[in-house]
Asker: 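Handing you this structure, nothing more for now.
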Amino acid sequence: METHHRAPLLLDKKDVVLVKPAKPTPSKTLSFSTIDDDPNLEFVCHSVYVYKANSVSSDNGSPAGHDLASNLNGQADPARVIKDAISKVLVHYYPLAGKLKRDSSDGKLYINCNGEGVPFLEATANCKLASLKYLDGIDVETAEEFVFDFPSKSDFGYHPLMFQVTKFPCGGFTIGMGLSHSVCDGFGASQLFRALAELASGKSEPLVKPVWERERLVAKSTQGPLQSPVDKNSLASSPYLITNDILHGCFFVKAETIKRLKMSLLKECGDHEEMKGSFTTIEVLGAYIWRSRFRAFKLNPDGNTLFCLAMGTRHLLNPPLPSGYYGNAFVGSNLVMTGKDLNEGPLSRVAKLIKESKKHASNAHYIWSQISMLDKVRELNFKIDSDNGASMVLTDWRQLGLLEELDFGWKGLANMIPVPLKMFGFVYLCIFLPPCNLDPSTKGGVRVLVSLPRAVMPKFKEEMHALSQLGGDDDIVPMLEPAILI
């Protein structure tokens with residue numbers, strides 16, 4: 001491995017302060033939906049948005065943003081601009097300025113809207129953002145410097161939202177956001193961040209008005225025992241024991257590779273009418289990665305494997321959820337196959353079964369049955385644990401608008417990365433992300449993020465590189481060792 005020498009990253013961090021709503025907000029206690037209440041979602045997701053410095057200070061296409069910045073002692077200080085925007089956005093998203101707590105009597109989550117505020121940390125780095133490649137392919141230890149975990153659990157609850165703004169000598173900056181998954185899913189987090197950008201750029205209110213209304217997704221628990229998608233005793237086993245020695249890997253798959261994979265699977269279908277039809281990226285790449293994981297974990301072929309795709313339900317319900325709903329609104333589309341069928345059967349069949357499972361999960365009856373089951377999960381305090389690789393949970397963040405231009409008065413949104421501070425490390429989790437904005441030629445490609453035991457990662461890399469053999473080119477680009485971009 002090539003050795004890269006650079007000066008160690010040093011951050012000068014100020015004390016954490018609480019940013020309160022800019023105006024008085026309602027004082028009340030709010031309850032959550034059945035999905036929000038799932039104890040398996042009660043953790044903080046951290047992500048970092050990376051902004052380049054403005055190349056032209058006189059005109060960036062957002063005069064309102066410049067007016068706001070110019071009022072701050074004559075200079076555009078991103079920390080002050082964003083801190084001010086947080087204060088304004090909390091007027092609209094006022095529950096996030098309160099405290100989360102799970103009631104000891106009924107086990108349900110509540111949020112005390114007390115206007116206490118959001119923890120905010122300002123930091124200054126000693127290097128240019130370009131020297132860190134705008135965090136593209138950054139190692140875990142470095143990535144974690146740009147977010148923070150606020151240990152605020154007490155009898156009064158804990159903060160569901162926190163921010164860190166890190167400024168660089170080049171004029172660029174990063175925004176690290178920690179957000180409780182109990183309060184927002186990826187769609188809701190994207191909506192909140194977009195509102196923050198809108199207010200920072202001078203708008204008086206968010207374009208999309210936030211809607212709480214968690215009662216829309218409240219269901220009664222099902223009768224009888226908890227029904228798991230697959231019998232745990234039937235799951236395939238791996239020679240690699242459960243371990244804390246986890247590597248976080250990212251692989252960039254080019255758009256051309258995905259196109260060739262689709263064409264290959266359609267050709268594989270041949271004259272089988274039931275196998276014909278188009279495939280989506282999630283279906284073909286999901287199938288390939290599922291099979292690659294099976295091989296990397298060396299799972300036994302007689303055991304079962306589970307593929308679970310997180311599917312958004314906002315527009316599948318009748319009536320649909322309001323556009324401003326920012327709570328969790330997804331269910332799992334589950335597919336079970338034996339290891340032998342997954343590993344030895346045609347990959348086109350795996351992709352077709354994923355397509356069918358998506359269609360089945362789009363049914364309103366299925367959605368409500370899954371939500372009802374989650375209430376039983378909470379009642380039993382059932383926690384998902386690692387099953388040593390036999391299960392895969394795939395979540396697709398490509399359609400959330402995470403890397404669309406979000407204008408804080410700076411036009412240079414270069415990258416967005418999740419950070420494995422609390423959310424990741426789960427070996428069953430796989431995330432699809434859009435490519436960063438540094439290279440236009442990467443458009444249409446997919447960043448594939450995984451967390452795997454150290455002993456499993458080499459074989460998984462081998463499988464991912466084999467995908468490039470479809471066209472004879474090296475179209476799978478792994479990130480730097482240790483493999484990490486999450």
Side-chain angles (χ1 to χ4, degrees), residues 249-296 305-312 333-362 392-400 403 430-450 459-479 483 485:
C250 176
F251 300 84
F252 177 67
V253 185
K254 292 182 180 179
E256 184 61 30
T257 300
I258 297 170
K259 180 181 177 181
R260 288 200 295 262
L261 180 59
K262 290 178 181 179
M263 296 300 295
S264 173
L265 297 196
L266 286 173
K267 184 178 179 180
E268 186 178 86
C269 292
D271 296 328
H272 298 285
E273 289 297 326
E274 76 277 7
M275 302 285 270
K276 284 188 175 181
S278 61
F279 288 124
T280 66
T281 296
I282 199 85
E283 291 158 4
V284 298
L285 201 52
Y288 188 90
I289 292 168
W290 187 17
R291 188 181 67 181
S292 298
R293 283 172 50 90
F294 174 87
R295 293 173 176 177
T305 62
L306 170 68
F307 178 92
C308 176
L309 174 64
M311 286 188 55
S333 163
N334 300 310
L335 172 60
V336 177
M337 294 185 73
T338 66
K340 182 177 182 179
D341 287 343
L342 173 62
N343 189 41
E344 300 178 14
L347 193 63
S348 56
R349 180 171 181 268
V350 180
K352 179 176 181 291
L353 290 174
I354 292 175
K355 180 187 289 289
E356 290 175 352
S357 71
K358 287 164 55 183
K359 183 178 180 181
H360 176 66
S362 299
M392 170 179 165
V393 177
L394 175 59
T395 179
D396 187 2
W397 289 12
R398 293 173 302 139
Q399 309 304 321
L400 299 180
L403 275 166
C430 176
I431 300 176
F432 284 2
L433 271 180
C436 66
N437 290 336
L438 296 171
D439 183 357
S441 69
T442 62
K443 186 176 181 180
V446 179
R447 285 186 287 179
V448 178
L449 302 108
V450 296
K459 176 60 177 174
F460 184 80
K461 286 183 180 180
E462 181 183 313
E463 290 293 322
M464 292 301 291
H465 279 297
L467 188 51
S468 65
Q469 299 302 311
L470 283 174
D473 298 322
D474 189 8
D475 286 343
I476 311 299
V477 184
M479 312 312 287
L485 186 56

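No experiment lies behind these values; they were computed from the predicted model shown.
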Asker: Looking at CG of Leu353 and CD of Glu283, how far apart are the two atoms once the value is rounded to the nearest 0.5 Å?
Answerer: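 It comes to 10.5 Å.
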Asker: Which atom pair, heavy atoms only, marks the closest approach of Leu265 to Val284?
Answerer: CD1-CG1, 3.7 Å
Asker: Please check if the side chain of Thr305 supplies one atom and the backbone of Met337 the other of a donor-acceptor pair under 3.5 Å.
Answerer: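 Yes.
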Asker: Any idea which heavy atoms bring Ala287 and Ala351 closest together, and the distance?
Answerer: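 Scanning both residues completely, I find the closest heavy atoms to be CB-N, 3.9 Å.
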Asker: Using atom types as modelled and distance alone, determine if a side-chain donor or acceptor of Lys461 lies under 3.5 Å from a backbone N or O of Phe251.
Answerer: no
Asker: Do you know the tightest heavy-atom contact between Ser348 and Cys269?
Answerer: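 Smallest interatomic distance, heavy atoms only, reads CB-SG, 3.8 Å.
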Asker: Would you say Lys259 has more than 12 foreign heavy atoms packed within less than 6.0 Å of its NZ?
Answerer: no
Asker: Would you list the pairs meeting ring pair (Phe, Tyr, Trp, His ring centres under 6.0 Å) in which at least one residue belongs to residues 336-361, sequence neighbours left out?
Answerer: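 Sorted pair list: His360-Tyr366.
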Asker: Under a 4.5 Å cut-off applied to non-hydrogen side-chain atoms, are Ile289 and Met392 in contact?
Answerer: yes
Asker: What residues form a ring pair (Phe, Tyr, Trp, His ring centres under 6.0 Å) with Phe294, not counting sequence neighbours?
Answerer: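 Phe294 satisfies ring pair (Phe, Tyr, Trp, His ring centres under 6.0 Å) with no other residue.
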Asker: Between Glu356 and Lys359, is the closest basic N to carboxylate O distance under 4.0 Å?
Answerer: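 Salt bridge between Lys359 and Glu356, a charged N being under 4.0 Å from a carboxylate O: no.
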Asker: CG of Asp396 to CD1 of Ile282: how many Å apart, nearest 0.5 Å?
Answerer: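 If I round to the nearest 0.5 Å, the distance is 4.0 Å.
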Asker: If every non-hydrogen atom of Lys459 is compared with every non-hydrogen atom of Ala296, which pair is closest and at what distance?
Answerer: CG-CA, 3.4 Å
Asker: Using modelled atom types only, decide if a donor and an acceptor are shared between the side chain of Tyr288 and the backbone of Glu463 within a distance under 3.5 Å.
Answerer: yes
Asker: Could you go through Val253 and Met464, starting from their C-alpha distance and side-chain angles, then the distance that decides it, and tell me whether this counts as side chain to side chain contact (heavy atoms under 4.5 Å, CB included)?
Answerer: CA-CA 9 Å; Val253 185; Met464 292 301 291; 4.1 Å; yes
Asker: Which heavy atom of Val446 sits nearest a heavy atom of Arg398, and at what distance?
Answerer: CG2-CD, 3.9 Å
Asker: I need the Leu394 CG to Phe432 CZ distance, nearest 0.5 Å.
Answerer: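 So the CG of Leu394 and the CZ of Phe432 are separated by 4.5 Å.
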Asker: I'd like to check Val448 versus Cys430 (side-chain heavy atoms, cut-off strictly below 4.5 Å). Are they in contact?
Answerer: yes
Asker: Could you check if a side-chain atom of Ser357 sits within less than 4.5 angstrom of a side-chain atom of Leu309, using non-hydrogen atoms only?
Answerer: no
Asker: Can you name the closest pair of heavy atoms from Pro346 and Glu268 and give their distance?
Answerer: CB-OE1, 3.3 Å
Asker: Can you tell me how far apart OG1 (Thr338) and CG (Asn343) are? Round to the nearest 0.5 Å.
Answerer: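 Answer rounded to 0.5 Å: 9.5 Å.
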Asker: For the residue pair Phe307 and Trp290, categorise the inter-ring angle as parallel (less than 30°), tilted (30 to 60°) or perpendicular (more than 60°).
Answerer: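 Geometry flag for Trp290 against Phe307: tilted rings.
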Asker: If we check side chain to side chain contact (heavy atoms under 4.5 Å, CB included) with Lys262, which of these qualifies: Thr281, Thr257, Thr280?
Answerer: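 Answer after filtering Thr281, Thr257, Thr280: Thr281.
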Asker: With rounding to the nearest 0.5 angstrom, report the CG to CZ distance, Leu342 to Arg349.
Answerer: 10.5 Å
Asker: Which value, rounded to the nearest 0.5 Å, describes the distance between Asn334 atom CG and Met311 atom CE?
Answerer: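 So the gap between those two atoms works out to 11.0 Å.
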